[in-house]
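Proteins come first, then strands; the chains are lettered A, B, ... in the order of their sequence lines, and each starts at number 1. These numbers come from a predicted model, not from an experiment.
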Amino acid sequence: MIDKSYQPTDVEGRIYATWEQSGAFRCGRAESAEAAPYCIVIPPPNVTGSLHMGHALNNTLQDVLARFERMRGRDVLWQPGTDHAGIATQMVVERQLMERQLPTRRALGRAAFLEKVWAWKAESGGTIINQLKRIGASCDWSRERFTMDEGLSKAVLKVFVELYRAGLIYKDKRLVNWDPKLLTAISDLEVQQVEEKGHLWHFRYPVEGRTDTFITVATTRPETMLGDTAVAVHPDDPRYRRLIGKFAILPLVGRRLPIVADSYADPEKGTGAVKITPAHDFNDFEVGRRHDLPLVSVLDREACLNLEGNEAFLDGLPEGSAELSETMQLHGIDRYVARKQIVARMDALGLLAKVETQQHVVPHGDRSGVAIEPYLTDQWYVDAKKLAVPAAAAVRSGRTTFVPKQWEATYFNWMDNIQPWCISRQLWWGHQIPAWYGWALDGDQLSIAKTQIFVAQTEAEALAEARDYYKRDVVLVASLDDSLGSVGFGADKLPETIPVWRDEDVLDTWFSSALWPFSTLGWPEQTREIKRYYPTNALVTGFDIIFFWVARMMMMGLHFMKEVPFHTVYIHALVRDERGAKMSKSKGNVIDPLGLIDEFGADALRFTLAAMAAQGRDIKLSTQRVEGYRNFTTKLWNAARFAEMNGCATVADFDPKSVKQTLNRWIANETQKASIEITEAIESYRFNEAAGAAYRFVWNIFCDWYLELSKPVLLGDDNGSKDETRAMVAFVRDEILKLLHPFMPFITEELWHVTAAPGTKRASLLTLARWPHHTQLLDHASEGEIGWIIDLVTAIRSVRAEMNLTFATELVLVLVGVSAETAARAERWADVVKRLSRLSNITVSQNPPHGSVQLVVRGEVVALPLAGLIDVEAERARLEKELARSQADIARIDAKLGNADFVRRAPEEVVEGEREKREEADARCRKIVEALERLARMS
RNA sequence: GGGCGCGUAGCUCAGCGGAAGAGCACUACCUUGACAUGGUAGGGGUCACAGGUUCGAUCCCUGUCGCGCCCACCA
């Protein structure tokens with residue numbers, strides 16, 4: 001017996017456990033060994049993460065695909081796992097140390113800290129996985145991977161070493177986005193532009209050798225002026241042409257700044273003269289290169305002024321000037337404090353020409369939230385420009401397709417303008433870079449000015465390389481600093497053992513994520529999975545990580561596997577709150593998917609997300625919507641109960657083509673139409689259309705009409721018809737459970753089992769491999785009959801409602817001068833029509849009884865005698881209104897058909913369609929006119 | 001500055017070249033033997049605006065006005 005109501009919380013955990021235990025999520029099961037493979041790799045959530053609405057959407061859609069393909073008999077691998085999320089995880093653990101008042105990361109040291117992180121991961125890393133299970137994700141958990149697993153780490157090292165050897169990874173000293181809070185470099189993508197109110201200060205720089213001549217520059221960053229090494233003007237700017245080649249004197253410091261001509265200087269901006277600080281601005285860096293300007297870095301890692309002992313800064317400065325020595329007092333001062341003080345001094349010196357207030361965008365670190373600092377350091381880079389060429393080409397040629405297509409433009413825009421990818425991070429949690437250093441040989445000596453790099457997959461190989469290089473034994477030391485003590489620089493001979501140390505930095509998290517589609521399959525081993533599942537079929541992800549992740553997987557996949565990592569990239573929307581705001585913790589508008597699951601069930605949430613996942617539009621999620629789809633699960637549940645209560649049990653080897661009754665042929669036809677619609681929609685990633693088609697079919701066709709129309713048979717005593725109908729009800733119910741299973745796996749699986757024939761057990765829907773298939777449509781003719789019933793019943797109900805005739809009032813239906821076929825239909829369906837429209841009797845007559853309401857149903861008239869109940873005038877008005885509507889239809893169609901161009905140029909079937917419509921409308925008009933005439937006679 | 005997208009019923013959104021749709025909300029009626037988490041019927045829209053293409057435009061093109069997002073940009 002099916003329970004009176006469906007309780008998701010009771011069912012979901014139990015069902016999920018049986019799925020997992022049965023091994024049905026696993027790829028390569030014996031029964032699908034011969035089947036075509038289908039593979040999706042999960043976008044690995046951060047180990048630190050907990051499930052948010054974005055995950056819920058992302059994984060629902062993947063699960064729809066995975067279950068759909070599995071049910072179609074394919075060998076599905078949905079590859080799960082998590083990402084180590086370098087910065088995020090390190091921050092979480094550091095915060096935890098602080099909260100528990102434990103020693104800080106630095107105090108612990110690298111090894112001990114990493115132990116803490118691993119311990120933390122062991123403890124809470126499973127949270128997100130368990131949450132994914134709650135929404136029903138059918139991943140092959142036996143293959144769960146973590147980006148810092150041994151296998152994946154091996155892949156990372158191999159990729160690094162190979163790219164290094166191919167010259168596609170290199171170390172370079174250039175400006176990076178430096179996060180002065182986290183003390184690490186970050187990539188361009190991790191920088192968020194934040195609009196801020198700021199100031200534009202106009203400073204007057206004296207021109208050398210000319211008293212009272214100044215060149216005025218504008219800056220938003222006075223504190224970096226100490227690192228100025230030039231002033232640039234546009235070569236064609238008449239205001240400054242005569243100053244080109246002269247020198248300005250940097251106030252507070254006394255440095256001579258060449259005034260250079262460079263088209264970077266924009267005469268429209270600021271004063272048209274721009275101070276050049278190559279060590280603190282990306283554009284200035286380029287200008288500096290063009291004019292061979294020195295790089296003077298005046299900030300330290302923590303963005304404090306760094307002046308004392310700063311050789312680059314001090315080089316060439318006038319000694320002993322009072323101004324300079326006062327400036328030196330600023331050493332060690334934070335950038336923002338220094339800014340104020342420098343402005344104050346410039347003002348005091350009368351060199352502050354003007355201050356403007358303005359909005360400008362300032363780059364911030366997306367994790368730390370502080371303004372990043374362009375900072376001159378040695379970092380590792382990937383030559384993305386080279387790797388991007390095949391990656392862009394693969395999409396241009398269609399080997400990988402984006403859905404929706406417009407994202408390809410975004411992808412190309414990025415790929416075609418790609419910058420070197422900074423991959424080193426000054427963190428501890430991550431893949432430590434497999435590079436070892438020693439002092440370079442300079443003849444027979446070690447040079448303190450240069451290091452030699454040994455890149456290898458293992459320490460042993462790196463040390464062997466070093467031994468080879470030095471022709472001496474080497475010893476591993478902890479750091480560059482440690483190496484200094486053990487080397488006697490300047491000694492005649494090389495030391496007996498040469499110190500070598502490993503790069504302390506780790507790789508950007510996205511470096512390992514970029515390998516995910518093949519590293520998870522076992523690469524670099526040539527595993528069975530690599531051969532079978534790569535390239536994967538679909539990648540389902542959000543647009544926010546097209547650059548971070550998708551683009552880089554394309555680059556790495558093509559380079560190392562010589563093949564695209566996936567054929568289709570489905571880009572889904574962002575889930576917003578019901579007012580359209582981005583959900584964020586700080587705004588407090590986050591809807592917790594687990595809360596919705598608790599309240600409405602996982603199926604309701606999944607169905608909502610799928611139903612709203614229209615391509616190219618964000619999802620504004622409201623609880624009401626979820627509630628609506630929860631009601632849909634209830635409807636489904638009750639329909640199944642109805643079937644059970646009426647003895648509708650699945651008949652083995654039932655063939656829907658064999659049914660005799662019109663109603664059953666009709667629903668077979670409708671089922672077929674629905675399954676085609678749903679299948680095609682999922683195949684083309686139109687999840688919302690698939691969900692909508694399923695919803696309409698189940699509710700508006702199956703429940704509203706088929707079950708209602710089948711009641712007289714099921715309750716009647718014609719056993720032959722009854723058996724056929726019972727079998728058909730059970731068949732359609734089963735088809736529905738299959739069609740809905742990708743969207744609502746729990747309730748469908750539960751119903752699938754509880755509706756099994758008594759004493760039998762059914763195999764899980766998951767592995768059934770019996771997705772409703774498309775044979776030819778079964779029967780078009782049945783629509784004529786069932787459609788007529790539906791129209792008739794609807795028309796009668798309409799009249800009832802209009803006339804305020806409650807259900808208690810039984811009416812008589814009179815068929816007025818109808819065809820023999822219609823009369824026979826009415827005869828066949830008398831029970832149903834009586835039941836659904838609450839009639840006591842159906843009769844046939846050539847004329848409607850006195851005081852009838854006359855209705856035109858599919859070109860024929862039926863009447864409801866309502867003597868005494870109807871107002872003749874009102875009835876006339878009603879009919880005239882209907883007549884007017886039909887006449888308007890005819891007029892509109894005639895206008896079209898009367899247009900020679902339309903008839904000549906519109907497609908045949910469209911013209912034909914219009915003619916048919918005109919026929920129908922005309923017939924309808926005639927019937928209404930007749931009805932009006934009769935009404936007139938009767939009154 | 002470059003690019004993408006969106007303005008359709010009160011709300012949230014489908015549709016996107018051949019007679020305006022759904023869910024929710026609203027109104028009226030209904031404890032009819034699956035379901036009140038329900039049933040039946042209904043009200044509600046010059047499909048942002050202006051041009052153009054077309055036999056025909058909510059749908060295609062151009063422009064305007066609103067709104068959102070991405071990329072670039074600390075003069």
Trainee: What I want to check is whether an N or O donor and acceptor connect the side chain of A/R630 with the base of B/U37 at under 3.5 Å.
Mentor: yes
Trainee: Start with the C-alpha gap between A/K275 and A/T224, add the side-chain angles, then the distance that decides, and say whether side chain to side chain donor-acceptor pair (under 3.5 Å) holds.
Mentor: CA-CA 10 Å; A/K275 70 189 205 59; A/T224 66; 3.2 Å; yes
Trainee: Considering only the C1' atoms, how many Å lie between B/A14 and B/C24, rounded to the nearest integer?
Mentor: 14 Å
Trainee: Please name all residues satisfying ring-ring contact (aromatic ring centres under 6.0 Å, His included) with A/Y629, sequence neighbours left out, ordered by chain then number.
Mentor: A/F607, A/Y695
Trainee: Can you pull out the residues from residues 263-270 of chain A that lie within a 4.0 Å heavy-atom distance of RNA chain B?
Mentor: A/Y264, A/A265, A/D266, A/K269, A/G270
Trainee: Relative to each other, are the rings of A/Y570 and A/H572 parallel, tilted or perpendicular (30° and 60° limits)?
Mentor: tilted
Trainee: Expressed in whole Å, how much space separates the C1' atoms belonging to B/C69 and B/C11?
Mentor: 23 Å
Trainee: Does the protein touch nucleotides 21-36 of chain B at the base, only the backbone, or not at all? Give it as B, S and - per nucleotide, heavy atoms under 4.0 Å.
Mentor: --SS-------BBBB-
Trainee: Going by the angle between their ring planes, with limits at 30° and 60°, are A/W414 and A/F547 parallel, tilted or perpendicular?
Mentor: parallel
Trainee: Work out how far the P atom of B/A36 is from that of B/G15, and round it to whole angstrom.
Mentor: 34 Å
Trainee: For the C1' atoms, the ones on B/U12 and on B/U31, what distance do you get once it is rounded to whole angstrom?
Mentor: 32 Å
Trainee: On RNA chain B, check which nucleotide each of A/M612 and A/P907 is closest to and give me the residue with the more 5' one.
Mentor: A/M612
Trainee: Please report the distance, rounded to the nearest Å, between CD in A/E599 and C1' in B/U37.
Mentor: 12 Å
Trainee: Once you apply a heavy-atom cut-off of 4.0 Å, does A/T794 come out as touching a base, just sugar-phosphate, or nothing?
Mentor: sugar-phosphate
Trainee: Is A/E195 reaching over with its side chain to a backbone N or O of A/H360, donor-acceptor style, under 3.5 angstrom?
Mentor: no
Trainee: For A/D889 and B/G18, give me the distance from atom CG to atom P, rounded to whole Å.
Mentor: 17 Å
Trainee: Could you spell out the base pairing of RNA chain B in dot-bracket, with Watson-Crick or G-U pairs whose two distances are under 3.5 Å, [ ] crossing and | to another strand?
Mentor: ((((((((.[[[[.)..(..]]]].(((((.......))))).....[[[[[..)....]]]]])))))))....
Trainee: Would you indicate what A/Q193 reaches in the nucleic acid, counting non-hydrogen atoms under 4.0 angstrom: base, sugar-phosphate, or nothing?
Mentor: base
Trainee: How is A/V361 classified with respect to the nucleic acid when contacts are heavy atoms under 4.0 Å: base, sugar-phosphate, or nothing?
Mentor: base
Trainee: Tell me: CZ of A/R905 to C1' of B/U53, nearest whole Å?
Mentor: 12 Å
Trainee: Take the protein atom CG of A/N417 and the nucleotide atom P of B/C73, then report the distance between them rounded to whole Å.
Mentor: 11 Å
Trainee: Taking atom C1' in both B/U32 and B/G38, what distance in whole Å separates the two?
Mentor: 12 Å
Trainee: Holding to side chain to side chain donor-acceptor pair (under 3.5 Å), I want the full list of residues that pass it with A/S263, two or more places apart in sequence or in another chain.
Mentor: none
Trainee: Only counting residues at least two apart or in another chain, list the ones meeting ring-ring contact (aromatic ring centres under 6.0 Å, His included) with A/F543.
Mentor: A/W407
Trainee: Output the rounded distance in Å from CD1 (A/I418) to P (B/C70).
Mentor: 19 Å
Trainee: Suppose you measure atom C1' in B/A20 against the same atom in B/C35; what distance do you get, rounded to whole Å?
Mentor: 32 Å
Trainee: Please tabulate the protein-to-nucleotide N/O contacts below 3.5 Å involving nucleotides 1-6 of chain B, giving atom names and distances.
Mentor:
unit_1 : atom_1 : unit_2 : atom_2 : d
B/C6   : O3'    : A/R617 : NH2    : 3.2

Trainee: Which pairs count as side chain to side chain donor-acceptor pair (under 3.5 Å) when at least one residue sits in residues 597-607 of chain A, sequence neighbours excluded?
Mentor: A/D63-A/R606, A/R134-A/D598
Trainee: Starting at CZ of A/F902 and ending at C1' of B/G18, how long is that distance when rounded to a whole Å?
Mentor: 7 Å
Trainee: Decide yes or no for A/N177 and A/Y375: does some side-chain heavy atom of the first lie under 4.5 Å from some side-chain heavy atom of the second?
Mentor: no
Trainee: Restricting to ring-ring contact (aromatic ring centres under 6.0 Å, His included), what partner residues turn up for A/H291, sequence neighbours left out?
Mentor: none
Trainee: Among residues at least two apart in sequence or on other chains, which ones pass ring-ring contact (aromatic ring centres under 6.0 Å, His included) with A/F642?
Mentor: none
Trainee: Mind checking what makes salt bridge (Lys or Arg N to Asp or Glu O under 4.0 Å) contact with A/K917, not counting sequence neighbours?
Mentor: A/E914
Trainee: A/E689 has an atom CD; how far is it from atom P of B/C13, in whole Å?
Mentor: 17 Å
Trainee: For nucleotides B/G5 and B/C73, find the distance between their P atoms and express it as a whole number of Å.
Mentor: 23 Å
Trainee: May I have the distance from A/F632 (atom CZ) to B/G39 (atom P), rounded to whole angstrom?
Mentor: 12 Å
Trainee: May I have the list of side-chain donor-acceptor pairs in residues 705-716 of chain A shorter than 3.5 Å, sequence neighbours left out?
Mentor:
unit_1 : atom_1 : unit_2 : atom_2 : d
A/Y706 : OH     : A/N664 : OD1    : 2.6
A/E708 : OE1    : A/K711 : NZ     : 3.2
A/E708 : OE2    : A/K711 : NZ     : 3.1
A/S710 : OG     : A/Y706 : O      : 3.3
A/S710 : OG     : A/L707 : O      : 2.9

Trainee: Taking B/G7 as the reference, what is the distance to B/C29 when you measure between their C1' atoms (whole Å, please)?
Mentor: 38 Å
Trainee: Hey, mind stepping through A/V403 and A/V569 against side chain to side chain contact (heavy atoms under 4.5 Å, CB included) and telling me if it holds?
Mentor: CA-CA 6 Å; A/V403 179; A/V569 180; over 6 Å; no
Trainee: Knowing that exactly one of A/E373, A/Q193, A/E190 qualifies, which makes a side-chain contact (heavy atoms from CB on, under 4.5 Å) with A/P363?
Mentor: A/Q193
